[in-house]
Structures are given as structure tokens and as C-alpha cells.
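Note that this is a predicted model, so its numbers are computed, not measured. Counting starts at 1 for both ligands and their atoms, following the listed order.
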Amino acid sequence: VTGDVVVITCLECGTHADADAHGWEGHLADLDDDGEDEVAFSCPDCVAREFGE
Ligand SMILES: [Zn+2]
């Protein structure tokens with residue numbers, strides 16, 4: 001393995017996480033409708049908007 005870079009992308013707005021992904025949340029969602037859940041990530045802004053109220 002030669003340094004795979006895992007890019008965490010926000011499911012909601014498409015922004016990319018910083019290296020530490022501070023404040024990001026992962027959750028399970030069936031993103032491609034294949035009947036199996038993938039791990040989706042949301043950035044802090046979207047977490048606040050989606051879950052913060
Ligand atoms: Zn977002």
C-alpha cells in the first residue's frame with residue numbers, strides 16, 4: 001500500500017474534510033440504493049443544520 005489518501009466528502013454539500021475531520025459525523029446510509037448501507041459523512045455545518053435543532 002502506497003499512502004492511500006482517504007478523502008472524506010460531505011454527503012450534503014460536497015465539501016472535503018480537513019486532515020483531522022474535526023466535528024464531522026459518520027452515519028450509515030444506503031447511498032447507491034443497493035440495499036447495503038455505506039458510511040456517509042457530514043461536515044459540521046451540515047450536521048448542525050440537519051441534526052442541531
Ligand atoms: Zn456539508
Side-chain angles (χ1 to χ4, degrees):
V1 179
T2 56
D4 286 352
V5 176
V6 177
V7 178
I8 298 175
T9 304
C10 178
L11 176 68
E12 307 290 338
C13 70
T15 195
H16 298 293
D18 295 334
D20 61 358
H22 180 73
W24 285 62
E25 291 190 1
H27 49 97
L28 292 174
D30 185 9
L31 301 178
D32 51 10
D33 282 331
D34 67 353
E36 296 186 11
D37 286 342
E38 290 79 43
V39 180
F41 292 93
S42 294
C43 72
D45 287 346
C46 290
V47 169
R49 189 178 67 238
E50 293 283 316
F51 305 111
E53 299 183 30

Query raised in the report: Which atoms of the protein, restricted to N, O or S, are nearer than 2.8 Å to the Zn ion (ligand 1)?
Result: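 You should have found Cys10 SG, Cys13 SG, Cys43 SG, Cys46 SG.
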Output a table of donor-acceptor pairs, distance under 3.5 Å, between side-chain atoms of residues 5-22 and any protein atom two or more places apart or on a different chain; print 'none' if there are none.
residue, atom, partner, partner atom, Å
Thr9, OG1, His16, ND1, 3.2
Asp20, OD1, His22, N, 3.3

With a cut-off of 3.5 Å and sequence neighbours excluded, list every side-chain donor-acceptor pair involving residues 28-36.
residue, atom, partner, partner atom, Å
Asp30, OD1, Asp33, N, 3.1
Asp30, OD1, Asp34, N, 3.2
Asp30, OD2, Gly35, N, 3.1
Asp34, OD1, Glu36, N, 2.9

Report task. Measure the spacing between CD of Glu50 and CD of Glu25 and express it to the nearest 0.5 Å. Result -> 11.0 Å
